[in-house]
Amino acid sequence: MTNHQTKSHKGFSKIVVITTSYNLICFAALLLVVEVKSSPPGDPIKCYSSGNTDCTITNAYATFPDRSICRAPQVFYPSTEEELISVIANATSQKKKMKIATSTSHSVPKLSCPDGEDDVLISTKYLNKTARIDPVAMTITVESGMILRDLINVSATAGLAIPHVPYWWGLTVGGILGTGSHGSSLWGLGSCVHDYVIGLRIVSPAGADEGYAKVRTLEKGDPELDAVKVSLGVLGVISQVTLRLEPLFKRSISYVGKNDSDIEDQVSTFGKEHEFGDIMWLPSQNKVVYRIDDRVSPDTPGNGLFDFLGFRSIPLHHILYPRTQEESEESAGLSAGKCAAYGGGLTQNGYASRDSGKCEIAQSRYHMAMELAYGLTNDGTSFTGYPVVGYNNRLQSSGLCFDSPEDDLQTACNWDPRIKGFFFFEIGISISLSNAKNFIQDVKKLVALQPEAFCGIDIYTGILMRYVKGSSAYLGKDEDSLEFDIIYYRSKDPMTPRLHQDFYEELVQIALFQYGGVPHWGKNNNMAFAGAINKYKNSSAFLKVKQLFDPLGLFSNEWTDQILGLKDGINSMKEGCALEGLCICEEDIHCAPKKGYFCRPGKIYKNARVCAPSLSNEIAYV
């Protein structure tokens with residue numbers, strides 16, 4: 001057995017010291033004293049006048065893709081369906097537009113932004129209760145504002161489980177359905193929560209003859225249910241959801257690191273071999289980590305717990321330093337590249353050799369994450385070796401930093417916007433499983449040109465691949481797919497390019513346009529959604545239901561109209577727009593020519609248009 005399989009780490013009560021000088025940078029953000037308190041995430045809605053008026057809303061990162069501030073003249077907090085009906089009826093009678101806000105607001109795009117000065121924001125914060133649970137029928141009915149953590153716990157208390165959920169439990173049931181969020185599986189009904197919905201109640205606008213609000217009860221077999229299961233919040237407010245559960249079961253998890261030489265062949269079979277399996281690919285290191293995750297007999301010994309390292313509460317100074325160091329590496333790399341471009345000191349791929357810092361961080365982070373089993377423990381306290389066996393509710397999702405009591409920001413989630421912590425782009429694109437092999441082969445060609453360019457992705461655990469089964473939901477996945485989740489550095493200055501920006505942009509454009517990938521509705525930069533609605537075979541059926549439920553478009557905003565193809569404007573063609581993914585560059589001004597970044601074709605995908613440092617693409621073609 002390897003060292004990380006045999007060594008016991010009990011309590012994580014102190015930071016482990018390793019030899020590299022970058023260990024504090026890399027792993028202080030992963031480790032913490034688990035006994036400390038923490039500041040939970042802040043409220044995404046802020047009101048500056050009495051009566052919940054003069055408000056703003058943002059997302060969990062306090063930054064939308066275009067960095068705009070979304071204002072809400074008034075916010076309502078219904079706590080019952082009757083109160084919800086009253087709010088919607090009142091707004092509809094005055095033809096006021098409405099948007100839905102969750103208590104956690106983890107969607108990156110502007111799904112919850114009101115459009116105008118008279119719009120109404122409806123928060124589901126207090127629609128968070130369990131309506132009923134039926135152990136015999138194995139169903140649970142909850143309000144849409146219930147937090148995923150609570151859904152998992154309430155179900156487990158009754159000896160039941162929802163088998164597949166997102167890995168972060170600080171989401172609401174309504175938010176999960178609104179964006180089609182999921183775990184990883186091709187088995188059974190698949191990994192999407194919406195495919196376990198067997199009924200729901202939704203409140204939508206109506207005419208005067210129906211009191212300006214209508215409650216629809218939808219059950220399995222109703223055609224409109226497939227529209228509402230993934231709705232983007234444009235059909236009304238879901239008040240209750242009924243989910244199919246199953247008896248609580250145990251799982252067995254092992255992380256296995258290997259060389260990535262055959263990853264393109266493995267992806268097509270791995271998800272069929274392991275019910276809950278996923279894959280983390282670290283391309284700069286030629287490494288891949290397979291999560292071997294399967295259901296086991298309930299009498300298998302073990303009471304394991306998954307407390308993912310990246311979702312733990314982090315001491316403040318351990319959040320600040322890694323971000324500061326990454327900013328320093330970015331700045332130094334950009335400066336070195338610019339000087340080399342004008343002075344002739346570029347590498348064969350157009351870059352100055354200034355990646356050693358990020359690459360050392362990425363390598364060290366990988367080794368420590370493997371040493372600590374990414375947060376798995378065999379008994380809730382110590383990791384003593386694989387496999388880790390435990391009940392589904394203790395292994396399927398986590399989020400310690402979401403749960404902790406207030407400690408005045410002495411500790412927090414590492415992305416908490418109230419401190420100068422991690423700030424990043426979050427990309428999620430699903431590609432048909434039949435195309436995944438070819439896509440990975442093309443990414444490998446891109447990596448071969450400059451492996452160090454991908455250290456900035458490997459710092460954030462690399463490229464996470466999750467399996468998603470084809471769904472009947474109109475805006476769900478049409479066929480079995482592999483989602484590629486990627487996180488990478490975002491500058492606080494929207495006009496500053498990123499180191500190796502051209503590689504990341506080309507990777508995304510290969511996924512979206514060469515292989516027909518579809519963006520996760522709750523992630524991504526704006527440009528990823530251009531033409532996305534046309535990739536869904538049932539998009540017209542969804543729009544028909546939208547017209548039926550909300551003919552005046554009172555629950556739509558400019559962004560939802562754009563992504564549904566009802567309005568132009570997804571690509572905002574202006575100076576620097578491609579730096580933040582607000583457009584695909586067409587001219588140099590869309591990049592940062594004054595800082596040495598110009599609009600150029602892709603290196604291997606010639607139809608791509610990316611912001612590249614001077615000469616980099618020309619040299620890459622030589």
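Note that this is a predicted model, so its numbers are computed, not measured.
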- Message: Checking side-chain polar atoms at under 3.5 Å, does Tyr597 have a donor or acceptor matched by the opposite partner on Asp588?
- Response: no
- What do you reckon, Cys455 and Cys359 SGs under 2.5 Å? yes
- Task: Taking atom types as modelled, find out whether Ser398 and Asp307 have a side-chain donor-acceptor pair closer than 3.5 angstrom.
- Result: no
- Query: How are the rings of Phe439 and Tyr515 set to each other: parallel, tilted or perpendicular (split at 30° and 60°)?
  - Reply: perpendicular
- Is any NZ, NE, NH1 or NH2 atom of the basic residue among Lys125 and Asp43 found under 4.0 Å from an Asp or Glu carboxylate oxygen of the other? yes
- With no hydrogens and no angle check, is any side-chain donor or acceptor of Ser39 less than 3.5 Å from a backbone partner on Leu409? yes
- Query: Counting only heavy atoms not in Asp568, do more than 12 fall under 6.0 Å of its CG?
  - Reply: no
- Nearest 0.5 Å please: distance from the CG atom of Leu582 over to the CZ atom of Arg67. 9.0 Å
- Can any side-chain N or O of Gln285 pair as donor or acceptor with the backbone N or O of Lys287 at less than 3.5 Å? no
- Query: Do any N or O atoms from the side chain of Asn525 and from the backbone of Met527 form a donor-acceptor pair under 3.5 angstrom?
  - Reply: no
- Note on the structure: Correct closest heavy-atom pair for Tyr167 and Gly183 would be CE2-CA, 4.2 Å
- Query: Do Val468 and Leu482 come within less than 4.5 Å of each other through their side chains, counting heavy atoms only?
  - Reply: no
- Any side-chain donor-acceptor pair under 3.5 Å between Lys110 and Ser68? yes
- Nearest atoms (heavy-atom pairs only) where Ala608 meets Gln509: CA-OE1, 3.2 Å
- Task: Return yes if some donor-acceptor pair links the side-chain N/O of His590 with the main-chain N/O of Glu587 below 3.5 Å, else return no.
- Result: yes
- Task: Would you tell me whether Tyr61 and Asp416 have side-chain atoms, one donor and one acceptor, within less than 3.5 Å of each other?
- Result: no
- Item | Lys/Arg-Asp/Glu bridge criterion (N-O < 4.0 Å) met for Lys567, Glu558 | yes
- Reported CG-to-CD1 distance for the pair Leu320 and Ile314, which is rounded to 0.5 angstrom: 12.0 Å
- Is any side-chain N of the basic residue among Arg149 and Asp403 closer than 4.0 Å to the acidic one's carboxylate O? yes
- Message: Do Arg466 and Asp485 have side chains that approach each other closer than 4.5 Å (heavy atoms only, starting at C-beta)?
- Response: yes
- Task: Evaluate the criterion side-chain contact (heavy atoms from CB on, under 4.5 Å) for residue pair Asp502 and Arg600; output intermediate values, then yes/no.
- Result: CA-CA 9 Å; Asp502 49 337; Arg600 296 291 184 264; over 6 Å; no
- Measure the spacing between CH2 of Trp415 and CZ of Phe422 and express it to the nearest 0.5 Å. 10.5 Å
- Message: For Leu475, is there any backbone N or O sitting under 3.5 Å from a side-chain donor or acceptor partner on Trp521?
- Response: yes
- Query: Is any side-chain heavy atom of Pro114 less than 4.5 Å from a side-chain heavy atom of Ile57?
  - Reply: yes
- Candidate pair Cys113 and Cys70, rule disulfide bond (SG atoms under 2.5 Å apart), full reasoning: CA-CA 6 Å; Cys113 283; Cys70 290; 1.9 Å; yes
- Message: Go through it in stages, so that I can follow the logic: the residues are Val443 and Ile510, the test is side-chain contact (heavy atoms from CB on, under 4.5 Å), and I'd like the CA-CA distance, side-chain angles, deciding distance and then a yes or no.
- Response: CA-CA 8 Å; Val443 174; Ile510 290 171; 5.6 Å; no
- Message: Using side-chain heavy atoms (C-beta onward) and a distance below 4.5 Å, is Val288 in contact with Ile279?
- Response: yes
- Query: Without hydrogens or angle criteria, can the side chains of Thr496 and Lys595 be said to hold a donor-acceptor pair below 3.5 Å?
  - Reply: yes
- With the side chain counted from C-beta on, respond yes when Ile457 and Ile463 share a heavy-atom pair under 4.5 Å apart, and no when they do not. yes
- Do Ile419 and Leu316 have side chains that get closer than 4.5 Å, going by heavy atoms? yes
- Pair Val75-Cys47, side-chain contact (heavy atoms from CB on, under 4.5 Å): steps then yes or no: CA-CA 8 Å; Val75 181; Cys47 294; 4.1 Å; yes
- Residues Asp66, Glu580; criterion side-chain contact (heavy atoms from CB on, under 4.5 Å); working and verdict: CA-CA 8 Å; Asp66 63 0; Glu580 295 259 291; over 6 Å; no
- Task: Report yes or no: does Ser397 contribute a side-chain atom to a donor-acceptor pair with the main-chain N or O of Pro166 at less than 3.5 Å?
- Result: yes
- Indicate yes or no for a side-chain donor-acceptor contact from Lys523 to the backbone of Ile429 under 3.5 Å, with no hydrogens or angles considered. no
- Between the CD atom in Gln514 and the CD1 atom in Ile431, the distance rounded to the nearest 0.5 Å is 9.5 Å
- Is Lys97 close enough and on-axis enough to Phe555, meaning under 6.0 Å and within 45°, for cation-pi? no
- Message: Could you measure the distance from the CG atom of Leu499 to the OG atom of Ser491? Nearest 0.5 Å is fine.
- Response: 12.0 Å
- Between Ser284 and Asp458: side-chain donor-acceptor atoms closer than 3.5 Å: yes
- Query: Should Asp119 and Lys99 count as an ion pair when the cut-off is N to O under 4.0 Å?
  - Reply: no
- Taking everything shown except Lys535 itself, do over 12 heavy atoms lie less than 6.0 Å from its NZ? yes
- Shorter than 2.5 angstrom, is that how the SG atoms of Cys611 and Cys599 come out? no
- Message: Over 60° means perpendicular and under 30° means parallel, so tell me whether Phe311 and Trp168 are parallel, tilted or perpendicular.
- Response: perpendicular
- Could you tell me which non-hydrogen atom of Val108 sits nearest to which non-hydrogen atom of Pro65, and how far apart they are? O-CD, 3.2 Å
- Task: Examine distances only and state if a side-chain atom of Thr560 and a backbone atom of Asn557 form a donor-acceptor pair shorter than 3.5 Å.
- Result: yes
- Under 3.5 Å, side chain of Arg365 to main-chain N/O of Ile459, donor-acceptor pair present? yes
- Message: For a quick check under 3.5 Å, do Gln74 and Thr53 share a side-chain donor-acceptor pair by atom type?
- Response: no
- So how far is it from Leu464 CG to Met280 CE, rounded to the nearest 0.5 Å? 7.0 Å
- Message: Quick check: closest heavy atoms across Ser184 and Asp278, and the distance to 0.1 Å?
- Response: OG-CB, 3.8 Å
- Message: Does any part of the side chain of Leu446, heavy atoms only, come nearer than 4.5 Å to the side chain of Phe454, both counted from C-beta?
- Response: yes
- Item | Candidate pair Cys583 and Cys577, rule disulfide bond (SG atoms under 2.5 Å apart), full reasoning | CA-CA 5 Å; Cys583 72; Cys577 58; 2.0 Å; yes
- Query: Side chains of Glu426 and His520: donor-acceptor distance under 3.5 Å anywhere?
  - Reply: no
- Query: Can you find a pair of side-chain heavy atoms, one from Ser123 and one from Ile45, that are under 4.5 Å apart?
  - Reply: yes
- Message: Tell me the closest heavy-atom pair linking Ser556 and Asp561, and the distance in Å.
- Response: CB-OD1, 3.6 Å
- Message: If we ignore hydrogens and angles and just use 3.5 Å, is the side chain of Asp118 paired with the main-chain N or O of Lys96 as donor and acceptor?
- Response: no
- For Phe503, is the NZ or CZ atom of Lys603 found under 6.0 angstrom from the centre of its six-membered ring and inside 45 degrees of the ring axis? yes
- Message: I need the single residue from Glu326, Glu452, Glu327, Glu329 that forms a salt bridge (Lys or Arg N to Asp or Glu O under 4.0 Å) with Lys358. Which is it?
- Response: Glu326
- Taking every heavy atom of Thr411 against every heavy atom of Pro315, the minimum-distance pair comes out as CG2-CA, 3.5 Å
- Are Arg71 and Glu117 close enough for a salt bridge, meaning some N to O gap below 4.0 Å? no
